[in-house]
2 protein chains.
Amino acid sequence: MGKALGIPLPSLRRLPLYYRHVRRVLDRGQEVISSGELGAACAVPAAQVRKDLRYVREYGRPGIGYNAHSLARRLEEFLGLVNDKEAVLAGAGNLGRALANYPGFARYGLRIVALFDRDPAKIGQKVGDTEVLPIWKLVDLARRLHIQMGIIAVPAEEAQSVADQMIAGGIKVIWNFSPITLNVPGDVYVKNQDLAAELATLSHWIARRRREEVDGESRREPAKESER
Amino acid sequence: MGKALGIPLPSLRRLPLYYRHVRRVLDRGQEVISSGELGAACAVPAAQVRKDLRYVREYGRPGIGYNAHSLARRLEEFLGLVNDKEAVLAGAGNLGRALANYPGFARYGLRIVALFDRDPAKIGQKVGDTEVLPIWKLVDLARRLHIQMGIIAVPAEEAQSVADQMIAGGIKVIWNFSPITLNVPGDVYVKNQDLAAELATLSHWIARRRREEVDGESRREPAKESER
DNA sequence: TAGATTGTTAATCGATTAACAATC
DNA sequence: TAGATTGTTAATCGATTAACAATC
């Protein structure tokens, strides 16, 4: 585990940042990029960049740097951005609708093929050009269409049940925006994205700053948060 | 740095999960909770839980566990959830509006006092009960009201400029939902929350699963993602 | 007392950083 | 050649895990 990944999780999470920057660099016609430049743009030390790129088997040329085209392709392949990925989204509240319309997702190959909610008032509504379906249709639809990802944007109380249904529908990758730790079998990968929990860590920084101001304590630099 | 935190970043990020669960436990009238139970609910080993709770100076009783009330209070205090925090939000697109309406934020003491956009068509619109203001008013308003947090939900091209304005307005904590690494002075804390980047790591899992199925390679358990 | 669970130390693990010979 | 930058090794750092005496 962890090592079964082939790549350390922290490294994996930096790859999209590299990819972002390489795309930008390509857009302005630059053909070559060094680990130093890439690192500066993503706030990652150059040695770390080089190590990370070795995991995706991208080779640079000493004295020169990395070929930007080849690097972009390699990252796209490793991250699977070239493949189309189909997802179902449960929860047609504010967050769910925002996610369904998020333009960044399509660019990375994600297609949200169905939106579910249990509220009868929401069923039948259009979000973008997908219609909101009743949640009981989820299992069957996921199974029939071999859906690869489930996105959970329902309240805490419903989240576990929705997850169970996604799993029953054969889904193995879940992106969980609800504030709950899901119980899932070992072969299901869950990415938690509880925004309130993130807020709480920011809240800590604010509280800390306030305390320091009151105490007149020496101001320390906060660690620039690298991983995410 | 890192140590200047007083608490390791991974530990800090687990605290909100503990807090979530302690609240739930309190709601059902349970007065005491062990590191084992708390850990099971948050997918964190018991020893780790105990170590984390030491950072917030919460003491348990051997043979018994932790007092749930006192633990909740301690976490609230450490995370600053009790304090009111005022934020401005830049970007009144789908994501910005969803964030402005997100109910989990108010519960953690966050108040979004103003919403900004540069699109004249959006200015004057109401989102919840705050009106969308033109972005050029941001610096002055942030300064006048001593706003503590800036939330960035604008497109990549505008993000750096918005960040600069927030910093000019005296804001030291930025929650950045845009797909760009911001350039900020050392005393500004940035929490990046690029959803497309997160999607890319999920995409990697899906691609990996696909490859393994094709290759008939032995299925490995994905590491259950703990940190976030 | 017996059983449960703490706080803490020591051992392990894994990721980051520094350094440098090799290469363009 | 001189300068830049790679890939990789070794050193460092920091976080996780195991283990257990102390305590309720």
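Atoms considered below: every heavy atom in the structure, side chains included; atoms not considered: hydrogens, waters and symmetry mates. Reminder, nothing fancy here: chain letters follow the sequence lines and each chain counts from 1.
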* What is the distance from CG of L12(B) to C1' of dT16(D), rounded to the nearest Å? -> 17 Å
* Asked: For Y66(A) and dG7(D), is the shortest distance between a side-chain N/O and OP1 or OP2 below 4.0 Å?
  -> yes
* To do: Would you indicate, yes or no, if dT5(D) has its OP1 or OP2 atom less than 4.0 angstrom from a side-chain nitrogen or oxygen of R61(A)?
  => no
* Structure fact -> Paired to dT16(C) by Watson-Crick or G-U wobble criteria (both distances under 3.5 Å) is dA11(D)
* Asked: Distance check: side-chain N/O of Y55(B) vs OP1/OP2 of dT8(C), anything under 4.0 Å?
  -> no
* Structure fact -> On DNA chain C, more 5' by nearest nucleotide between I64(A) and G65(B) is G65(B)
* Structure fact -> Rounded to whole Å, CZ of R13(A) lies from C1' of dA15(C) at a distance of 15 Å
* Quick one: N67(A) CG to dC24(C) P, roughly how many Å, whole number? -> 15 Å
* Is the shortest side-chain N/O distance from Q48(A) to OP1 or OP2 of dA15(C) below 4.0 Å? -> no
* Asked: Between the side-chain atoms of R50(A) and the base atoms of dG7(D), is any donor-acceptor pair under 3.5 Å?
  -> yes
* **Pair R209(A), Q148(B): side-chain N/O donor-acceptor within cut-off below 3.5 Å** => no
* Salt bridge R73(A)-E77(A), side-chain N to carboxylate O under 4.0 Å -> no
* Between S35(A) and dT6(D), is there a side-chain N or O to OP1/OP2 distance below 4.0 Å? -> yes
* Asked: Rounded to whole angstrom units, what separation is found between the OH atom of Y59(A) and the P atom of dA22(C)?
  -> 18 Å
* Asked: Any side-chain N or O of R14(A) less than 4.0 Å from the OP1 or OP2 oxygen of dA15(C)?
  -> no
